[in-house]
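Naming: A, B, ... by sequence-line order, numbering from 1 per chain.
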Amino acid sequence: GGTNTTPPAGEGTTAATQAAGAELTGQVKIDGSSTVAPLTSAAAEFFAEEQPKINVTVGTSGTGGGFEKFCNGETDVADASRPIKDEEKAACDAKGIKHSQLSVATDALTVVVNKENTWATCLTTDQLRKMWEPAAEGKVTTWKQVDAKFPDEPLKLFGPGTDSGTFDYFTDEINGEEGASRKDYSPSEDDNITVQGVTGSKGGLGYFGFTYFEENADKLKAVEIDSGEGCVAPSVETAQNGTYAPLSRALFVYPSATAAKRPEVAAFLDFFVANINKIATDAQFVPLNAEQEAKLKTDFAALKTQAG
Amino acid sequence: MAVLSTPRSAVQLASKGQPLREHLFRIALIASLAIAFVFLLALLSYVLIEGWPRLDSRLWENMPSVRNPDIAGAQSAITGTLWVISITALLTLPTGIAAAIYLEEYADRDRWWNRVIELNIQNLAAIPSIVYGILGLGIIARTFGLGFSVITASITLGLLVLPIVIIASREAIRAVPPSIREGSLALGATQWQTISRQVLPASIPGIATGSILALSRAIGEAAPLLMLGAVSFIRFNPDGVFASYTVLPIQIFNWISQSREGFHILASAAIVILLVILLLMNSAAIWLRNRYQKRW
Amino acid sequence: MAPRQSATAPGTPMSLARSRPRHGEQVIKAILLVAALVSVATTIGIVVSLLEPTIRFFGQISAVEFFTSTQWGPLFEPPHYGVLPLVSATLITTGIAIVVAVPLGLGAAVYLSEYARPRVRKICKPVLEVLAGIPTVVFGFFALSFVTPLLRGILPFEIEIFNALCAGLVVGFMIIPIVASLSEDAMTAVPSGLREGSYALGASRMITSLRVVLPAAFSGIVAAVILAISRGAGETMIVYIAGGGQPNFTLDLGKAMQTMAAFIAQAGSGDVPIGTVDYNTIFAVGSLLFVMTFAMNYVSARLVRKYREVYE
Amino acid sequence: MPNVTVRGPVAPHTAEALDPVFTVAGLSVFYGEYEAVREVDLTIGNREITAMIGPSGCGKSTVLRCFNRMNDLIPGARAAGKIMYHGEDLYGAHVDPIEVRRRIGMVFQKPNPFPKSIYDNIAYGPRVNGMKGKMDDLVEEALTQAALWDEVKDKLKQNALSLSGGQQQRLCIARAIAVKPEVILMDEPCSALDPIATTKIEDLMQELSRDYTIVIVTHNMQQAARVSNRTAFFTADVDERGERHGRLVEFDETSRIFTNPTDKRTEDYITGRFG
Amino acid sequence: MPNVTVRGPVAPHTAEALDPVFTVAGLSVFYGEYEAVREVDLTIGNREITAMIGPSGCGKSTVLRCFNRMNDLIPGARAAGKIMYHGEDLYGAHVDPIEVRRRIGMVFQKPNPFPKSIYDNIAYGPRVNGMKGKMDDLVEEALTQAALWDEVKDKLKQNALSLSGGQQQRLCIARAIAVKPEVILMDEPCSALDPIATTKIEDLMQELSRDYTIVIVTHNMQQAARVSNRTAFFTADVDERGERHGRLVEFDETSRIFTNPTDKRTEDYITGRFG
Ligand SMILES: Nc1ncnc2c1ncn2[C@@H]1O[C@H](COP(=O)(O)OP(=O)(O)OP(=O)(O)O)[C@@H](O)[C@H]1O
Ligand SMILES: Nc1ncnc2c1ncn2[C@@H]1O[C@H](COP(=O)(O)OP(=O)(O)OP(=O)(O)O)[C@@H](O)[C@H]1O
Ligand SMILES: [Mg+2]
Ligand SMILES: [Mg+2]
Ligand SMILES: O=P([O-])([O-])[O-]
């Protein structure tokens, strides 16, 4: 294949149209958050139709693991479900890895309960906090303790492992401090296990990404969240317009400016940014709203300038 | 011999006394095997029934897809598994068997360092696979600079299963009667001739078992590879030992954790494929074992 | 038939020193030694990777808390560093696995080696070994979605959806082929003269199996069992998926538990920034597991040396 | 000194008047396809010593191993014909081979001590047969009878495999008699023994034959002559296809076989003219 | 028919004029703490047959196994004293035990065929020694010399473990002579053999002794008398602590040992009055 093609320089045009004439080769390495991976994977899949000779690999080492490899120069793009931390930034700087943050989709953390749960249709953030705060550990063990109106059903909690971006976000928003959570719940990196746990216990409650709920809507019930402005159910719209608060969050990718100089990486990123909402919708993510999409394009343009 | 008066008269030769105990023992033995089989059967049927709708050529002709379970396949994972496991076998079987020979036939067991090696091997067998992942990441991928490639995965898996090969081979070698060695040495055979022409052929069955167990473990292992960049989404086949790769257990793991039901079916189908590959891999060892199994 | 010494003058035979140099033998021995040393290098690699973070860990966290506190939760706010729940969970699940795998595995091995016809053995053994090749992830999900519901249906007492009992049972089934296959090999290798000697004394098959064959194969059987236990103790995914990953300090088998290996897997594959205490806990737990298995192996190695029967 | 002349029939037995323990009729033994022994008819008398002699490979061990169904254990081995034990078919459907072996003991051609202590080797049989009585005494008695006690009495806890060849052989004899079987089958029990030990074992056989039935395989003509009441002479015929099959040539009182054999081949063998 | 009378010294050798192959001086052998054999002095003459006789457990096998350093292989076994082979110290530092065993062959007391085919058992030695020549002929020659060819020529590919006891023993003899060693050590080579086969093996020994040196252990007095030039008589002494130690009692020309022994114990043993 020809490696003679230079990356598309023009703005506003998609890589697809630019590169249509010439086939590129090479490899683009992406690694990081397992939450974001389906999105970049879908992008890779669409991209393969345009540029079949460019091999895009998507790893799922977790946000932290992804940044570690990224800042070590081992990958080209990091997927992240939270912004980069200062220590990680320092590591990147030490290796001279220039990067920028692109928000590519939105996620709505969804709180789910057992189908047989008739009492909890809407929970306030205070109620959630009562269940999940460190002080609740070993004490709040029935629904009745959360709210006197609830039945005396044992409360069984399920959620993501302590080292996921989702956990960090949820604890930060609900309990007020990242990582502050009761320990006596069943944690799992694999959301399917959380699904199993909640479906298996009548008094079960868990939380995970919106996509996961949508796929398992027949087995589970999503709870509406009341953060003081009334009950809001999680949905694409409420996530996009920000009314599903405080549990909607942004998802990111971090491309390396150095890697973006390589034609195959540039081609992929061009394609990804140009088709972002099509890809997000296809991968069942909450797509960006117009405003967010415009910001993405600006941020990406800045990166390309930086990459030179 | 005053103890015995008259010999017992010609009483019936039919069994008496212990048949019940004997019977129960036999039944218990068969039950042990049967319980294990029932479990296996349950697991296999579960997987087979689940995966049946997707057990077709798409599985090995298509590349993975996150978008649509209907067009998703596992070709890159299948080729990746074949690459990784073949190289693992090439690396670990000779090393393991050689180490076993050294420990059984050359090492003086009263020397402390040989006892240390021995203990060390048993100990390695108990180290969780994830720790090998840490080792592989820090030392093989980074310090040796082999990166996240097939060869890194093979070395890591090879080290992980090495103790199994060594321990099983040692026991097999140890079971060869000393008179066989003496017979050979008395003919002026060197130690290595004795080992390679008498001891090893006689211990093939046990070595084959060790190899089967080791490769089985390696082929189904996912945890260390998760740390070694067996990235879950790869749409191309590896083209050499330094290529990026994915393997079936990772692909399976990945599909299982997908939210859509279609991917779960796919995962089950891929498990069936993995088991078929496993049996094909092992069949050479099984054949060797059956051929050489004998009693003396 | 020409005698060798006729080549030389009678009475002056060739020296007994090496007639031709056998460098090959030395080279082979060296190669074999190197192969044996690979395992030592592996251990050194592991110890090196574990040691430094472990030392840093104990610089930050008191060993007293680590070994006596009954609360584990290093990644929570506020963190807790009592390793006992992990240790007890490891012992419990491994214990259950042993209770399943050792009798069933040995029973199957005795049956295949002493009772079954050769054809049956030829077929059954590879089939059993399929169990060893199923990815542990699959075992984990099978445990969670099939075995646990089954247990909940038949057991008279309550168990949670994630529980140590099911995890231990399934780990036990996973290691059956290790016990069965290797023990069977060891028993088959017992010379048939010994069996004949026993049968000729009027011993039954059961007695012969238990009193002659098993003791003669002792060393191989112990090796098999230790290998299996080691495998069980280090097993990660099954316990992680079916056991619930919740570090409870309890003896209630119906409760969720987290083993040491499961913790390492959970923390090691996730989002822990390198160099933090949290990161170091992975290695502290790893080191402890290393020391524990080392102790177990040391004791068993001594046992084997003591009870091994050498035949012929 | 024991009697080393031809022992001759125990009065008042005569060749036909013997009280049969085993009656063998048309016994052929196969190893897979190969017919190792062909059509043997034989009667073993109660409380007698019967010797089986013949050239190596003619099937003596094979026939002997049929008497306690030891050949059952060799894959592919199969016996055709009838062996009656006290009038009961040894290969009958209801017969328990374990019970058979409990009552018909055996000493093998190659010594096969268990990899256990000397003491445990002897105690093994009585234990598995649930025999009562003081085990120490039983062990001492058996070892004394097998002329081994003096040599091992100080190392009863030592592994039996560290014994010399002849000591192992005597150990196996002691092990067999410790369970006090009705019949004792011995496959070349003195092959690794020096003349003194041999004499002691022969004395033991004589003594045992007062109460027990004994069948021995021996390649030592003098031994057969010295100890046995009856002798069976086997040889191997070569058939058209070049295969060798063991056959019983002659079976008679020992005195007759050694002084006045009917068959030319017996005579040749006995006098050393054979082969 | 072979010569079955006392063979006597090969003229013109006399007791002292022998051409020594092995010179043993003050040899003691230990198994761990236990001194199995004590202070043996012995000379083995070139192209002679030397017999070692004595009661079971007196250390014959132990001494024999020192001649080709086979005892090196037993953990805890240790030899003190000197064994010179053609004037060279057999236990010297530069001596290669493999070379020793290549040149000094051995037949063991218990037959130990390899679990391979009959053919491969014989071909093994020549192969590992890199011997040239047509292997088939070599195998046939060795089997014929060991008087086994006729019995096995049709089943050379069959597993050697399926042979009868005596056949296995002859196979091991054939295996040992197939490599054409300088010295052949035989530990009771005829113990499982019938008289005919024994005669053939004895003939073979006589034949081999024209070119080779042979040492045999035998418990068969007649055999020692028939075939050997010199005989060493061992016995086991019981010391103050009740331990048994093997000792060489007398070593001389066979004719002298059997007709006019110096030591009372030898005489007793030979005439059967011992023990
Ligand atoms: N491996 C061993 N460990 C300990 N003791 C042994 C070992 N081998 C032999 N012995 C002892 O050494 C002594 C001499 O044994 P050896 O085998 O040399 O006797 P032998 O003269 O060959 O007897 P036999 O005629 O019965 O074969 C015996 O008391 C025996 O128990
Ligand atoms: N397990 C076996 N498989 C096949 N052939 C066998 C087996 N055992 C013995 N044979 C053959 O059967 C024939 C008779 O063997 P057997 O052992 O009965 O001879 P034997 O008379 O006891 O000889 P020896 O005196 O040498 O012990 C021999 O030709 C032998 O090769
Ligand atoms: Mg025989
Ligand atoms: Mg001996
Ligand atoms: O994989 P995470 O998005 O939870 O870091």
So, taking the atom named NZ in Lys116(E) and the one named CD1 in Ile180(B), what distance separates them when rounded to the nearest 0.5 Å?
9.0 Å
Worked check of side-chain contact (heavy atoms from CB on, under 4.5 Å) between Gln193(B) and Arg127(E):
CA-CA 10 Å; Gln193(B) 284 171 329; Arg127(E) 279 187 191 139; over 6 Å; no
Note, Pro178(B) side chain near Leu73(E) side chain (heavy atom, < 4.5 Å)
no
Heavy-atom closest pair, residues Ala186(B) and Met70(E)
N-CE, 3.7 Å
Is there a side-chain contact between Leu187(B) and Arg175(E) in this structure, where contact means two heavy atoms from C-beta onward sitting under 4.5 Å apart?
yes
Bottom line for Pro75(E): the part with an atom under 4.5 Å from chain B's heavy atoms is neither
Return the option, out of Met106(E), Arg65(E), Arg69(E), with the maximum number of heavy-atom pairs under 4.5 Å with chain B.
Arg65(E)
Hey, is NZ on Lys157(E) packed in by over 12 heavy atoms from elsewhere, all under 6.0 Å?
yes
Does Ser179(B) offer a backbone N or O that forms a donor-acceptor pair with the side chain of Asn112(E) under 3.5 Å?
yes
Does atom NZ (Lys155(E)) have a neighbourhood of more than 12 heavy atoms from anything else shown, all under 6.0 Å?
yes
With rounding to the nearest 0.5 angstrom, report the CG to CG distance, Asn68(E) to Leu185(B).
9.5 Å
List the atom of Tyr124(E), the atom of Ala189(B), and the distance in Å for their closest heavy-atom pair.
OH-CB, 3.7 Å
Region of Ile104(E) in contact with chain B, defined by heavy-atom distances below 4.5 Å
backbone
N-O pairing of Glu182(B) and Lys110(E) below 4.0 Å
no
Phe114(E) portion near chain B, given a 4.5 angstrom heavy-atom threshold
both
